[in-house]
Amino acid sequence: MHNSYWYYALLALSTSLFIFILVKKRNTQSLYLLLTMIGLAFIIETVIYNFLASYDYNPNFIKHNNFYDNNLGAFVSNAFSLPIIATFIAVFGLNWIWIIFFSGFFVGVEWLFLKLHIYSHNWWRLAYTGLGLPFYFATAKSYYKWILQPANGFKHYWILYLITCTISASAYILPIIFFSNRIYSPGWFENSGRDSIAFSAIFYLCVSLFYCLMTKFNLKRNWIKYIFTALLMFVLNQVLMGTGILRSLVWWDQPYYAVISVLTLLLTGTIDKRLNKLTIV
């Protein structure tokens, strides 16, 4: 069977489960929790996958760049399927027996992918997955309580930051993977794809913090901060190009990131207000 079929099957099962969650719960809290858990997964993957090269995927989605293909496989598995299961566990209040069951299920999926040679370990081991997932799923239950009973301070802004990371990572990295619109070359890794994605990850983590901080500023002319954000993104791109770190490969690349920065800031501000208004349903 073609490698990608297994990943498509995992993607289809995960998507079906999330549709089931939305149909049953019919609330925005479930969506916000999923975005939160994807953001947390992105941060974990940035450390253990992008920088520490824990494992490799081979889904054969992307033909022109092996690492981009690898990265997309990681996205389907660890930044989509796992967060959906975590959301399912949290919103339905499942206990530790279910947490252990789903942890074992994903260890089994990982073992199967290893045997099919569509996934491989570098220094990672199945035991790390089995030990780590219960904590990840338990964290989802804690975060869901935070979302249901919103509060000011660290809890609120941590949830907002993780959600913003999900939006930023998707908007910043997926075009690079699918369209090769830009290349980052900080010189951290020999593989240019890994180099580009690793720098992109650090970049979106930083700009996500910026978007969250900007929500604190309520100006009489609020449009000023959106103009400032677009200009700042343009200037940052120019600086990165001037230092040789960034190469822009298509005409729409820089306008896209300027526009997406404004849209992400708008979304962050909207979600910030919605999180403050959410109540238990």
Side-chain angles (χ1 to χ4, degrees), residues 35-57 62 65-75 77-80 82-83 122-124 136 157-215 228-249 253-254 256-265 267-268:
L35 294 175
T36 299
M37 297 312 296
I38 292 175
L40 180 60
F42 276 152
I43 293 174
I44 294 171
E45 287 292 281
T46 295
V47 176
I48 67 172
Y49 168 71
N50 287 327
F51 283 95
L52 299 182
S54 51
Y55 31 65
D56 291 309
Y57 291 86
I62 305 294
N65 188 298
N66 287 336
F67 187 77
Y68 290 170
D69 185 56
N70 187 351
N71 201 85
L72 200 56
F75 178 85
S77 177
N78 296 336
F80 190 71
L82 287 178
N122 294 321
W123 56 266
W124 192 258
Y136 179 75
Y157 281 102
W158 178 241
I159 294 295
L160 181 65
Y161 177 70
L162 291 177
I163 292 174
T164 306
C165 282
T166 297
I167 298 169
S168 296
S170 301
Y172 280 74
I173 294 179
L174 289 180
I176 296 175
I177 291 175
F178 285 110
F179 305 115
S180 298
N181 55 302
R182 59 172 48 191
I183 297 174
Y184 291 108
S185 303
W188 297 341
F189 303 100
E190 292 184 7
N191 184 291
S192 62
R194 184 180 293 276
D195 214 25
S196 192
I197 295 299
F199 188 87
S200 298
I202 297 301
F203 190 82
Y204 85 72
L205 288 173
C206 292
V207 296
S208 294
L209 180 61
F210 167 79
Y211 297 140
C212 292
L213 291 174
M214 287 296 284
T215 61
F228 172 76
T229 297
L231 288 174
L232 179 62
M233 181 61 65
F234 176 77
V235 170
L236 284 174
N237 283 330
Q238 294 304 307
V239 170
L240 290 172
M241 290 178 68
T243 57
I245 293 176
L246 170 63
R247 280 186 291 160
S248 182
L249 304 178
D253 176 69
Q254 292 193 60
Y256 168 79
Y257 285 99
V259 170
I260 210 67
S261 67
V262 174
L263 293 177
T264 305
L265 180 58
L267 278 173
T268 303

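As the structure is a prediction and not an experimental result, all values here were calculated from the model.
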For a quick test of reading the model, state the closest non-hydrogen atom pair linking Tyr136 to Ala41 and the distance between them. OH-CB, 3.8 Å

I'd like to know if the side chain of Thr215 reaches the main chain of Cys212, judged simply by a donor and an acceptor atom lying under 3.5 Å from each other, with no hydrogens or angles considered. yes

Donor on one side chain, acceptor on other, Glu45 and Asn78, under 3.5 Å: yes

Tell me, please, whether Tyr256 has Arg182 positioned over its six-membered ring: NZ or CZ under 6.0 Å from the ring centre and within 45 degrees of its axis? no

Between atom CD1 of Ile44 and atom CG of Asn50, what is the distance when rounded to the nearest 0.5 Å? 12.5 Å

Okay, side chain of Ser261, backbone of Ala258: is any donor-acceptor separation there less than 3.5 Å? yes

First locate atom CZ of Phe199, then atom CD1 of Ile183, and finally report the distance between them rounded to the nearest 0.5 Å. 14.0 Å

Please report the C-alpha distance between Asn181 and Leu249 in whole Å, then the side-chain angles of each, then the deciding distance to 0.1 Å, and finally whether the side-chain contact (heavy atoms from CB on, under 4.5 Å) criterion is met. CA-CA 5 Å; Asn181 55 302; Leu249 304 178; 5.8 Å; no

Between CZ on residue Phe210 and CG on residue Leu265, distance to nearest 0.5 Å: 7.0 Å

Donor-acceptor pair, distance only, cut-off 3.5 Å: does the side chain of Ser77 make one with the backbone of Gly73? no

Backbone N or O of Tyr204 within a donor-acceptor pair of the Ser168 side chain at under 3.5 Å? no

Between Phe80 and Phe75, what is the ring plane arrangement, given parallel below 30°, perpendicular above 60°, and tilted in between? parallel

Atom CZ of Phe228 with >12 non-hydrogen neighbours under 6.0 angstrom: no

At what distance, to the nearest 0.5 angstrom, does OH of Tyr68 lie from CG of Leu72? 12.0 Å

Parallel, tilted or perpendicular: which describes the rings of Tyr172 and Phe203, with under 30° parallel and over 60° perpendicular? tilted

CD1/Ile163 to CG/Leu40 distance, rounded to the nearest 0.5 angstrom? 12.0 Å

Can you name the closest pair of heavy atoms from Ile62 and Asp69 and give their distance? N-OD1, 2.8 Å

To the nearest 0.5 Å, how far apart are CD1 in Ile43 and SG in Cys165? 4.5 Å

In the structure I gave you, are the side-chain heavy atoms of Tyr257 and Asp253 within less than 4.5 Å of one another anywhere? yes

What are the two closest heavy atoms between Trp123 and Ile48, and how far apart are they? CZ2-O, 4.0 Å

Note, Thr46 side chain near Phe51 side chain (heavy atom, < 4.5 Å): yes

Heavy-atom nearest pair, Asn65 first then Phe67, reads OD1-N, 3.0 Å

Ala53 backbone acceptor or donor facing Asn122 side chain under 3.5 Å: yes

Thr229 versus Met214: any side-chain heavy-atom pair under 4.5 Å? yes

Verify, without hydrogens or angle tests, whether Ser196 (side chain) and Ser192 (backbone) share a donor-acceptor contact under 3.5 angstrom. no

If you apply the rule side-chain contact (heavy atoms from CB on, under 4.5 Å), what do you find for Asn66 with Asp56, and how did you get there? CA-CA 10 Å; Asn66 287 336; Asp56 291 309; over 6 Å; no

Stepwise, does the side-chain contact (heavy atoms from CB on, under 4.5 Å) test hold for Trp188 with Ile202? CA-CA 12 Å; Trp188 297 341; Ile202 297 301; 4.2 Å; yes

Between Tyr161 and Leu209, what is the shortest heavy-atom contact and its length? CE1-N, 3.4 Å

Could you report the tightest heavy-atom contact between Ile38 and Pro83, atom names first, then the distance? CG1-CB, 3.6 Å

Applying side-chain contact (heavy atoms from CB on, under 4.5 Å) to Tyr211 and Val207, what does each step give before you reach the verdict? CA-CA 6 Å; Tyr211 297 140; Val207 296; 4.1 Å; yes

Applying side chain to side chain donor-acceptor pair (under 3.5 Å) between Asn70 and each of Tyr57, Tyr49, Tyr55, report the one that passes. Tyr49

